[in-house]
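Worksheet: one structure, shown below.
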Amino acid sequence: MKKDYKAEKENKNRTTKSGILVLVIFIIIFMMVIFRIAVRSNLRDTYFNEMPTGKDAFVIAKDYIKPTINVKDVQFSDDFQYTKQPDSVYLVKSYFEEKGRNAENINTHFVITLKYNGGANLNDHSWAVISFQEQ
């Protein structure tokens with residue numbers, strides 16, 4: 001039985017060329033992913049978000065509370081307290097002022113517990129309300 005060395009060499013060359021082609025395609029895709037991450041690394045909404053701050057939780061808390069208030073003229077205080085608990089749970093305490101019927105300001109204190117589920121820090125869909133209490 002004769003060996004066809006020329007056919008074996010051509011077969012090895014085809015295998016080597018297809019392997020190199022796959023490797024080059026993989027390297028190009030890898031470089032594109034690295035470049036995309038590097039370009040977006042300075043933006044707020046990146047692949048690797050930082051955990052939300054207390055101020056982020058307060059902004060989201062105001063967004064959740066506003067629709068529950070029946071009065072149109074409401075002013076939220078800039079003064080707030082927050083506590084970050086395990087499992088990305090934030091407890092926010094503050095108050096809002098509303099104008100009463102006799103032009104008097106009524107302060108309503110509230111405590112809201114929010115859970116951060118991941119995603120953009122200032123996106124309402126990244127948060128869930130665990131509890132809300134007016135005092």
So, Tyr116 side chain and Gly119 main chain: donor-acceptor pair closer than 3.5 Å or not? yes
From NZ (Lys12) to NZ (Lys17), nearest 0.5 Å: 15.0 Å
N/O donor-acceptor pair under 3.5 Å between Ser88 side chain and Lys115 backbone: no
Check whether any side-chain heavy atom of Val74 sits under 4.5 Å from a side-chain heavy atom of Glu97, and report yes or no. no
Starting at CD of Glu10, measure out to OG1 of Thr15 and round the result to the nearest 0.5 Å. 11.5 Å
Does CG belonging to Asn105 count more than 12 external heavy atoms closer than 6.0 Å? yes
Donor-acceptor under 3.5 Å (Ser126 side chain, Asn121 main chain): no
Check whether Ser94 reaches the backbone of Asp79 with its side chain - one donor and one acceptor, N or O, closer than 3.5 Å. yes
Applying a strict under-4.5 Å side-chain criterion to I, L, V, M, F, W and Y, I'd like to know whether Val59 and Val111 cluster together. no
Other residues, nucleotides and ligands only: do more than 12 of their heavy atoms fall within 6.0 Å of NZ on Lys99? no
For Met51 and Lys84, run side chain to side chain contact (heavy atoms under 4.5 Å, CB included): C-alpha distance rounded to whole Å, both residues' side-chain angles, the deciding distance at 0.1 Å, then the answer. CA-CA 11 Å; Met51 288 301 291; Lys84 183 178 182 295; 4.2 Å; yes
Close side-chain approach of Ile37 to Phe35, heavy-atom, < 4.5 Å: no
Can you tell me how far the CD1 atom of Ile60 sits from the CG atom of Leu122, to the nearest 0.5 Å? 5.5 Å
Given 3.5 Å as the limit, does a donor-acceptor pair link the side chain of Tyr90 with the main chain of Pro52, or not? yes
Verify side chain to side chain contact (heavy atoms under 4.5 Å, CB included) between Lys66 and Phe96, making sure each step is shown before the conclusion. CA-CA 10 Å; Lys66 282 179 186 176; Phe96 56 88; over 6 Å; no
Should the pair Phe58 and Phe76 be assigned to parallel (<30°), tilted (30 to 60°) or perpendicular (>60°) ring geometry? perpendicular
Fellow cluster residues of Met32, listed by chain then number, with links counted only when side-chain atoms sit under 4.5 Å apart: Ile20, Val24, Ile28
Test of understanding: clusters of I, L, V, M, F, W, Y form through side-chain heavy atoms closer than 4.5 Å, transitively. Do Ile65 and Val129 belong to the same one? yes
Look at atom NZ of Lys62 and say whether more than 12 heavy atoms of other residues, nucleotides or ligands are closer to it than 6.0 Å. yes
Mind telling me whether Phe26 and Phe30 have parallel, tilted or perpendicular rings, with 30° and 60° as the class edges? parallel
When you measure from the side chain of Asp56 to the backbone N and O of Thr53, does any donor-acceptor pair fall under 3.5 Å? yes
Hydrophobic cluster membership, with links at side-chain heavy-atom distances under 4.5 Å among I/L/V/M/F/W/Y: are Val89 and Phe132 in one? no
Using the rule that two of Ile, Leu, Val, Met, Phe, Trp, Tyr join whenever any of their side-chain heavy atoms come within less than 4.5 Å, decide whether Leu91 and Ile130 are in one cluster. no
Got Lys9 and Asn13 here, is their nearest side-chain heavy-atom distance under 4.5 Å? yes
Please check: side-chain N/O of Tyr64 versus main-chain N/O of Leu114, any donor-acceptor pairing under 3.5 Å? no
